Structure formats: structure tokens, C-alpha cells
Amino acid sequence: MNSRRRYMAALVFLLSSAPAAAKPADVASAGPSPTPMQDALTALQRRIEAEQQRLARIPTPVAVRWKGKKLVTVDVSPDIAAVAVADLNHNGRAEIFVAGNNAVAVIELQRVPKVVASVRFTDPLLRRSRQNVGSALLQDASIVVQVTSHALPLTITWDGQNYAGAAGSPALFQFCSDRALPLVAGRNWFDTGAIGQGVYTELCRNDLADAQGHLPSLVVSVSERDQLRVETRPHCDEACGDAQVYTVPSVGYAVAIDDVDQNGIAEVYSTAAMANADVVNVTELGPAPRALWKRKFTSGVVALATGDFDGDGRRDVWALVRAGRRVEVWSLQ
């Protein structure tokens, strides 16, 4: 690693000591077309910047002790359609946005996890159902939520003091920044365009660095046939490599993905299907996926979420567990 850093420092020095007329910033303001030397220097600078970013992303492993610890019971309906995680109020601690039939509850860790806001949908309720499904995604400093119990999506923002909600225009359900899906008519899953391959939910991550600091693309879905599918494409910060696919049958719709131990290999967190929805599995991906932890709860797990909830700079995993008409919040580490 030291030799690599010395190499990068030498390249930076070489670029910074080049004649002023040949620097990329000067090339943009000059009238004549850039020379081959100037093109080469521009390309070199881009490679150096990309390499510096890669080195800065290399994760430092941390020890994780997997366990189940109940934190608190909160007044949130267990009929959850979608969840999203973001630090919308910029206080250094991520919030969980939990979408239900009538409103989106905002849960934040203070001394214990607490519902700090409830943002109601602005349009009338279409129907109340325990099969309410939907999507929730961070977009442009806002949480955009759409559920089947309402016709209009809800955009949640932080105005400096409160969480505010505004209705959007009717649209498809947005699961990833580049992935929007329609609901299958009369069903509680979404149409991917392939027969028999509808999904209950889909997650995308492109911010989890591998052990070398490269950024893979991770797409996680739970199909209408209760199959978990994780598609990984390596090195997408440069050019995406071939897809590696990991599948597991008989899973529930509660799912999350992260790299909590920061070893450069993502873990997928999932529940079992139907009668075994009270079981959470943690599986490390990679060339040879392996089970890390398994826990059975006293009731069904209705959502899984990851984020830096306590502001210590490390990732946390929480499970939301059905407790009658309310929800228990559990930490899994």
C-alpha cells in the first residue's frame, strides 16, 4: 500500500509540475484545439483523481457481534408497505421512514428509537389492506413514497424545523433511481415485464465499496414466488463486470443489504416466508456466500433497515417486529 501511495504522489507531482500552458484548466480557456500532450495530461489527471477516490473508499473492517436486542416498542402500525433510510435533517443520525396505510412514520434514535414525526398522505385513502405495498426512495434530498392505498405519491422534505409532505403526480413505483415499476392489476406485486417474475420489492446499492475500493452494483429483489435474488456487478466505478447472481427460495418481503462489518463484502438481511416470517437470516455474499447469523423472533418481522442510526460512523441493522398493533424495534448487533 505504501508503494502504491508513493506512486500516486509521484504522478501528482509530475502533473503539477507540467508547464502551465499544458494544464487541463488552461486548455479549456485556450482558443486552439488541445495538443496530444494536453490530451494525455488531461487523461492522466482523471486517472489520478479516480485512483485517489478508490484508495479513499477502501473500507476498514470492524468487529461485529451479531445478536438480537429489543430497544423499544413504538406506536407504528405493523402493516408496513415500504421503508427508506436517510439523514434528512442532517443531524448525523439516519432516520427510518416507515410507510403505512395513512401516513409515513419517522423513527429516529434519541435515547431510544422514537417516532419523531408522522407525515400523512394528502389524498384520500383508496383502500385499507394488510396487503398494502409500495416503494420509498431517497431522491434529491427528499423521500418519495408511493403506496397502493393512495393514488398519489408523497414527497417528504425537511424544512429546517419539521418534516413536510407534499403530494406528487401519479407515477410508477420508484424502487431505484433508474427503476420504476407498475403494480400488477389485482395483485400486491410489481410488473418487471417478464412473465412469472414480478417482485414484491427491489433495492439498489452502488455505494458499498469492495476491499479494493471499487464500487459494485447490487440489485436485490424478492419475487412473487418468494425467491430472493441478488445480482452483483463488480467494478462499476470503472466498467461493470459480469453479473454474479445469488438466489434463495422461500423468503419474505422484508430485506436489506449493507456491509456492516466493512470487510468489502456485502451482507444481505432477509426473512423467511409466510409461517416462518419471524426468522431473520444474515448472509455474506461474495464468490462463496456463507451464513453469518440466524435469529428467531417471537412474532413476524415486518421490515429490516440499515444505516448509521446512532451517529458513530458505523452501520447498524434494525428489525421491526410485529407486536399486536404496534412495532418493536430490535438491534441485530
Side-chain angles (χ1 to χ4, degrees), residues 71-72 74-123 132-147 149-150 152-169 171-180 201-208 218 220 254-260 269 302-320 327 329-332:
L71 300 179
V72 73
V74 293
D75 287 320
V76 172
S77 169
D79 302 327
I80 295 173
V83 298
V85 176
D87 182 15
L88 214 60
N89 62 6
H90 305 294
N91 68 351
R93 300 189 305 272
E95 308 96 58
I96 302 180
F97 297 81
V98 183
N101 276 301
N102 293 304
V104 177
V106 184
I107 301 175
E108 181 179 276
L109 178 64
Q110 295 184 349
R111 287 203 323 161
V112 295
K114 180 181 178 181
V115 178
V116 295
S118 180
V119 185
R120 296 186 66 84
F121 288 93
T122 58
D123 63 319
N132 189 27
V133 293
S135 61
L137 186 69
L138 175 66
Q139 287 185 315
D140 301 325
S142 303
I143 298 293
V144 179
V145 179
Q146 187 161 7
V147 296
S149 60
H150 288 265
L152 301 179
L154 179 68
T155 298
I156 302 173
T157 56
W158 172 255
D159 64 11
Q161 293 183 322
N162 300 292
Y163 296 95
S169 301
L172 299 181
F173 291 78
Q174 194 79 36
F175 288 94
C176 305
S177 59
D178 59 349
R179 180 80 158 166
T201 190
E202 192 167 270
L203 303 173
C204 299
R205 296 292 298 267
N206 58 7
D207 60 337
L208 301 178
L218 300 161
V220 186
V255 65
I257 190 166
D258 214 314
D259 182 17
V260 171
Y269 315 90
V302 292
L304 294 165
T306 67
D308 182 7
F309 299 125
D310 56 10
D312 67 353
R314 298 183 179 183
R315 308 292 289 181
D316 309 303
V317 188
W318 285 0
L320 304 185
V327 164
V329 181
W330 287 69
S331 171
L332 301 190

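Numbering of residues begins at 1 and proceeds along the displayed sequence. Please read all numbers here as calculations on a predicted model, not as lab measurements.
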- Could you go through the side-chain contact (heavy atoms from CB on, under 4.5 Å) check for Phe121 and Val104 one step at a time? CA-CA 8 Å; Phe121 288 93; Val104 177; 4.2 Å; yes
- Query: Tell me, do Val302 and Ile80 make a side-chain contact under 4.5 Å, heavy atoms counted?
  - Reply: yes
- prompt: Does the side chain of Tyr269 come within less than 4.5 Å of Val260's, by heavy atoms?
  reply: yes
In this structure, CG of Leu137 is separated from CD of Gln174 (nearest 0.5 Å) by 6.0 Å
- prompt: CG of Asp140: more than 12 outside heavy atoms within 6.0 angstrom?
  reply: no
Residue set satisfying side chain to side chain contact (heavy atoms under 4.5 Å, CB included) with Gln110, at least two apart, ordered chain then number -> Glu108, Lys114, Val116
dist Asn101:CG -> Ser77:OG (nearest 0.5 Å) comes out at 6.5 Å
Leu172 and Ala180 have their tightest heavy-atom pair at CB-CB, 3.8 Å
To the nearest 0.5 Å, atom CG of Asp308 lies from atom CG of Leu109 at 10.0 Å
Rounding to 0.5 Å, atoms CG (Asp316) and CG (Leu332) come to a distance of 10.0 Å
Value for CG (Leu208) from CG (Asp259), rounded to nearest 0.5 Å, stands at 6.5 Å
Note: Val119 and Ala164 closest approach over all heavy atoms is CG1-C, 4.3 Å
- Might you work through the side-chain contact (heavy atoms from CB on, under 4.5 Å) test for Leu320 and Trp330, ending with a clear yes or no? CA-CA 6 Å; Leu320 304 185; Trp330 287 69; over 6 Å; no
Could you go through Ile107 and Val76, starting from their C-alpha distance and side-chain angles, then the distance that decides it, and tell me whether this counts as side-chain contact (heavy atoms from CB on, under 4.5 Å)?
CA-CA 9 Å; Ile107 301 175; Val76 172; 4.3 Å; yes
When rounded to the nearest 0.5 Å, the distance separating CZ of Phe97 from CG of Leu154 is 10.5 Å
Nearest heavy-atom approach of Gly92 to Asp87 is N-OD2, 2.9 Å
message = Is any side-chain heavy atom of Asp159 closer than 4.5 Å to one of Gln161?
response = yes
Scanning both residues in full, the closest heavy-atom pair of Leu304 with Ala254 reads CD1-O, 3.7 Å
Sorted by chain and number, sequence neighbours left out, side chain to side chain contact (heavy atoms under 4.5 Å, CB included) with Trp158 holds for Leu88, Asn89, Tyr163
For Ser118 and Ala103, the nearest pair of non-hydrogen atoms, with its separation, is OG-CB, 3.5 Å
For Asp312 and Arg314, indicate whether the former's side chain and the latter's backbone hold a donor-acceptor pair under 3.5 Å.
yes
| Is any side-chain heavy atom of Asn102 closer than 4.5 Å to a side-chain heavy atom of Arg120? | yes
Residues at least two apart in sequence or cross-chain that pass salt bridge (Lys or Arg N to Asp or Glu O under 4.0 Å) with Arg205, listed by chain then number, are Asp207, Asp258
Item checked: Working for side-chain contact (heavy atoms from CB on, under 4.5 Å), residues Val106 and Ile96 -> CA-CA 6 Å; Val106 184; Ile96 302 180; over 6 Å; no
Between Pro113 and Val74 the two heavy atoms that sit nearest each other are O-CG1, 3.9 Å
> Does a side-chain heavy-atom distance below 4.5 Å link Phe173 with Gln146?
Replying inline: yes
